**Student:** 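What follows is a single structure, and I will ask about it in a moment.
Since we're looking at a predicted model, the values are computed, not measured.
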Amino acid sequence: MSDNPADALAERVAFAMLAAEGTGRAWGIQIEEAREGYSRIRMKLTPDMLNGHGKAHGGMVYALADTAFAYACNSRNVRTVGAQATMVFLDGAEEGEVLVAEAQEAALVVRSGVYNVSVRTDTGRPVAEFQGFSRSIGGPYIETGDEV
């Protein structure tokens, strides 16, 4: 766990979100790093994640990017949801490859945020670029004992 209190909180939130999701566990998502405004996660492509062309289904790539986005935009322990997102698919990925999604906060103004997520193979080959717009809805995601 990080020595930085803000980053330690972000890590606690990300792991709590993963534990509460049926999807993340079902897909084998692993959190590599979570900091304030940032997350990096990974997922190994299995046969049930492929489309009819034998490549990663676009919905699975999107879901991985969206999950990294969620961990980054909730990192301050303020419940936050996606308001809009776009994705550009750059290349396919095959069964057995590991996809890594890295989310970085680009801007945060009051309740609205912008996050960029790069999805690459674990060897660094670009697969997709995602941009998400978030909106905080208030309240903490996890209890920290600091609530009033």
**Student:** To the nearest 0.5 Å, tell me how far Met49 CE sits from Lys44 NZ.
**Tutor:**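 One gets 10.5 Å once the value is rounded to the nearest 0.5 Å.
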**Student:** Given the rule in the side chain to side chain contact (heavy atoms under 4.5 Å, CB included) test, do Asp48 and Trp27 qualify, once you have shown the distances and angles that lead to the verdict?
**Tutor:** CA-CA 10 Å; Asp48 58 336; Trp27 300 330; over 6 Å; no
**Student:** Kindly say whether Ala6 contributes a backbone atom to a donor-acceptor pair with the side chain of Arg76 at under 3.5 angstrom?
**Tutor:**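 The answer is no, because no donor-acceptor pair under 3.5 Å joins these two groups.
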**Student:** For Ala56 versus Val61, what's the shortest heavy-atom pair and its separation?
**Tutor:**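 Minimum heavy-atom contact is CB-CG2, 3.9 Å.
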**Student:** To the nearest 0.5 Å, what is the distance between CZ (Phe69) and OG (Ser134)?
**Tutor:**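 It comes to 5.0 Å.
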**Student:** Do you reckon Leu64 sits in the same ILVMFWY cluster as Tyr38, going by side-chain contacts under 4.5 Å, direct or chained?
**Tutor:**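 Each belongs to a different hydrophobic cluster.
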**Student:** Examine distances only and state if a side-chain atom of Asn74 and a backbone atom of Ala70 form a donor-acceptor pair shorter than 3.5 Å.
**Tutor:**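 Such a contact is found between Asn74 side chain and Ala70 backbone.
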**Student:** Of Glu32, Gln30, Glu102, which meets side chain to side chain donor-acceptor pair (under 3.5 Å) against Arg42?
**Tutor:**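 So, applying the side chain to side chain donor-acceptor pair (under 3.5 Å) to Arg42 and each of Glu32, Gln30, Glu102, only Glu32 qualifies.
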**Student:** Do any N or O atoms from the side chain of Arg111 and from the backbone of Ser136 form a donor-acceptor pair under 3.5 angstrom?
**Tutor:**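 Flag set: sc Arg111 to bb Ser136 pair under 3.5 Å.
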**Student:** Which heavy atom in Arg125 sits nearest to a heavy atom in Ala93, and how many Å separate them?
**Tutor:**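 In terms of heavy atoms, the two residues are closest at NH2-CA, 4.3 Å.
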**Student:** Can Ile29 be reached from Leu50 by stepping across I, L, V, M, F, W or Y side chains whose heavy atoms are under 4.5 Å apart?
**Tutor:**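 No, Leu50 and Ile29 fall in different hydrophobic clusters.
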**Student:** Taking Asp91 for the side chain and Val127 for the main chain, is one N or O donor matched with an acceptor at less than 3.5 Å?
**Tutor:**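 Not at all, since once roles are kept as given, no pair shorter than 3.5 Å links the two residues.
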**Student:** Say whether Met60 and Tyr62 are linked into one hydrophobic cluster, either directly or through other cluster members, by side-chain heavy-atom distances under 4.5 angstrom.
**Tutor:**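 Result: yes, single cluster for both.
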**Student:** Say you draw a straight line from CG of Asn4 to CD of Glu36; how long is it, rounded to the nearest 0.5 Å?
**Tutor:**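 It is 7.5 Å, given to the nearest 0.5 Å.
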**Student:** Hey, any chance Val78 and Val13 share a hydrophobic cluster, counting ILVMFWY side chains that come within less than 4.5 Å of each other, even indirectly?
**Tutor:**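 Per the 4.5 Å side-chain linkage, Val78 and Val13 are not co-clustered.
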**Student:** Quick one: do Ile31 and Leu9 end up in the same hydrophobic cluster if we chain Ile, Leu, Val, Met, Phe, Trp and Tyr together by side-chain heavy atoms under 4.5 Å apart?
**Tutor:**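 Ile31 and Leu9: one cluster.
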**Student:** Can you name the nearest heavy-atom pair linking Ser75 to Gly37, along with the distance?
**Tutor:**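 Scanning both residues completely, I find the closest heavy atoms to be OG-N, 2.7 Å.
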**Student:** Check whether any side-chain N or O of Arg25 sits under 3.5 Å from a backbone N or O of Ala19 as a donor-acceptor pair, and report yes or no.
**Tutor:**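 Yes; at least one donor-acceptor contact below 3.5 Å.
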**Student:** Measure from the side-chain N and O atoms of Asp122 to the backbone N and O of Val100, and report whether any donor-acceptor pair falls under 3.5 Å.
**Tutor:**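 Here the side-chain-to-backbone pair does not exist.
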**Student:** Taking Arg79 for the side chain and Pro140 for the main chain, is one N or O donor matched with an acceptor at less than 3.5 Å?
**Tutor:**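 Side chain of Arg79 to backbone of Pro140, a donor-acceptor pair under 3.5 Å: yes, one is there.
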**Student:** Evaluate the side chain to side chain contact (heavy atoms under 4.5 Å, CB included) criterion for residues Glu21 and Thr67: first the C-alpha distance (whole Å), next the side-chain angles of each, then the deciding distance (0.1 Å), finally the verdict.
**Tutor:** CA-CA 10 Å; Glu21 299 167 351; Thr67 301; 4.2 Å; yes
**Student:** Which heavy atom of Ile142 sits nearest to which heavy atom of Ala16, and what is that distance?
**Tutor:**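 Looking at all heavy atoms of both residues, the closest pair is CG2-CB, 3.5 Å.
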**Student:** Quick check for you: to the nearest 0.5 Å, what is the distance between Tyr115 atom OH and Leu108 atom CG?
**Tutor:**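 Rounded to the nearest 0.5 Å, the OH-CG separation comes to 5.0 Å.
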**Student:** Tell me the closest heavy-atom pair linking Ala106 and Asn116, and the distance in Å.
**Tutor:**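 Closest heavy-atom pair between Ala106 and Asn116: CB-ND2, 3.6 Å.
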**Student:** Would you call Glu94-Lys55 a salt bridge at under 4.0 Å N-O?
**Tutor:**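 Counted as a salt bridge, because a side-chain N and a carboxylate O are separated by less than 4.0 Å.
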**Student:** Ignoring hydrogens and geometry, is there a side-chain-to-backbone donor-acceptor pair from Ser39 to Ala103 under 3.5 Å?
**Tutor:**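 Flag not set: sc Ser39 to bb Ala103 has no pair under 3.5 Å.
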**Student:** Closest heavy-atom contact between Ala68 and Val117?
**Tutor:**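 So the two residues come closest at CB-CG1, 4.2 Å.
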